[in-house]
Each structure stands twice: as structure tokens, then as C-alpha cells.
J.: 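A single structure is presented below for examination.
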Amino acid sequence: MIIGYLKYKGFTGSVECSDDDECFFGKVQGLKGTLVSYEGLTVEELRKDFEGAIDDYLVIMNK
């Protein structure tokens with residue numbers, strides 16, 4: 001279940017919570033044929049992983 005969204009450099013990512021794993025996770029929305037995911041034990045860790053995933057995606061797409 002999506003509980004919120006993150007935004008960074010024009011991208012939007014979901015925020016979900018796993019009670020089983022006791023962590024947050026999400027996926028970048030709107031990418032066709034590509035899955036970019038991220039996770040963290042805290043919201044701060046989740047945001048850092050999300051922003052790092054976007055930065056990595058942009059590097060790969062600009063090659």
C-alpha cells in the first residue's frame with residue numbers, strides 16, 4: 001500500500017512500508033520498461049536511496 005510520495009529532479013517515487021521486513025521501500029513512477037527501486041529503515045535512509053537511484057538512472061540514461 002502506497003503511503004506517500006517522494007519527488008526529486010522531476011521524478012516521483014512511491015513510499016511504501018513493509019511490516020514484515022520493518023522497512024520502507026518504493027519504486028520510481030512512470031518509467032516504461034524500467035524498474036528503479038529503493039529502500040531504507042528510516043525515512044531519511046529511504047530519501048537518500050531514492051535520490052541516489054535517480055542520480056544513477058540519469059547517469060545510465062545519458063551514456
Side-chain angles (χ1 to χ4, degrees):
M1 175 174 80
I2 296 175
I3 59 174
Y5 294 94
L6 298 170
K7 294 192 180 287
Y8 181 67
K9 293 186 177 180
F11 292 88
T12 300
S14 64
V15 175
E16 302 182 52
C17 180
S18 171
D19 291 332
D20 293 336
D21 296 328
E22 298 180 348
C23 72
F24 296 101
F25 67 96
K27 297 176 279 204
V28 177
Q29 307 294 295
L31 300 179
K32 304 243 188 237
T34 303
L35 173 64
V36 177
S37 62
Y38 42 90
E39 63 181 41
L41 295 177
T42 65
V43 173
E44 183 178 333
E45 285 181 7
L46 180 74
R47 182 176 301 281
K48 285 181 183 178
D49 202 40
F50 168 67
E51 292 175 359
I54 294 297
D55 290 339
D56 291 346
Y57 175 76
L58 290 172
V59 168
I60 290 167
M61 295 308 293
N62 287 321
K63 285 190 174 186

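Numbers for residues simply follow the sequence, beginning at 1. Everything numeric in this text was worked out from a predicted model, so none of it was measured. The figures here come from the full heavy-atom set of this structure, side chains too, leaving out hydrogens, waters and symmetry mates.
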J.: With sequence neighbours excluded, what pairs up with I3 under the side-chain contact (heavy atoms from CB on, under 4.5 Å) test?
T.: M1, V15, C17, F24
J.: Could you tabulate the donor-acceptor pairs under 3.5 Å formed by side-chain atoms of residues 31-41, not counting sequence neighbours?
T.:
{"from": "Y38", "atom 1": "OH", "to": "S14", "atom 2": "N", "distance (Å)": "2.9"}
{"from": "Y38", "atom 1": "OH", "to": "S14", "atom 2": "O", "distance (Å)": "2.7"}
{"from": "Y38", "atom 1": "OH", "to": "K27", "atom 2": "N", "distance (Å)": "3.4"}
{"from": "Y38", "atom 1": "OH", "to": "K27", "atom 2": "O", "distance (Å)": "3.3"}

J.: Do I60 and Y57 belong to the same hydrophobic cluster, where Ile, Leu, Val, Met, Phe, Trp and Tyr are linked whenever their side-chain heavy atoms lie under 4.5 Å apart, directly or via other members?
T.: no
J.: Quick one: list whatever passes side-chain hydrogen bond (donor to acceptor under 3.5 Å, both in side chains) with Y8, sequence neighbours left out.
T.: D55
J.: Taking only residues two or more places apart in sequence or in another chain, which ones pass side-chain hydrogen bond (donor to acceptor under 3.5 Å, both in side chains) with E44?
T.: K48
J.: Can you pull out every salt bridge (Lys or Arg N to Asp or Glu O under 4.0 Å) where at least one residue sits in residues 10-21? Sequence neighbours excluded, please.
T.: none
J.: Would the distance check show the side chain of D49 and the main-chain N or O of E45 forming a donor-acceptor pair, the cut-off being under 3.5 Å?
T.: no
J.: Run through the side-chain heavy atoms of Ile, Leu, Val, Met, Phe, Trp and Tyr, join any pair under 4.5 Å, and report what else lands in Y5's cluster.
T.: I2
J.: Report the residues that fulfil ring-ring contact (aromatic ring centres under 6.0 Å, His included) with F25, sequence neighbours left out, ordered by chain and then residue number.
T.: none
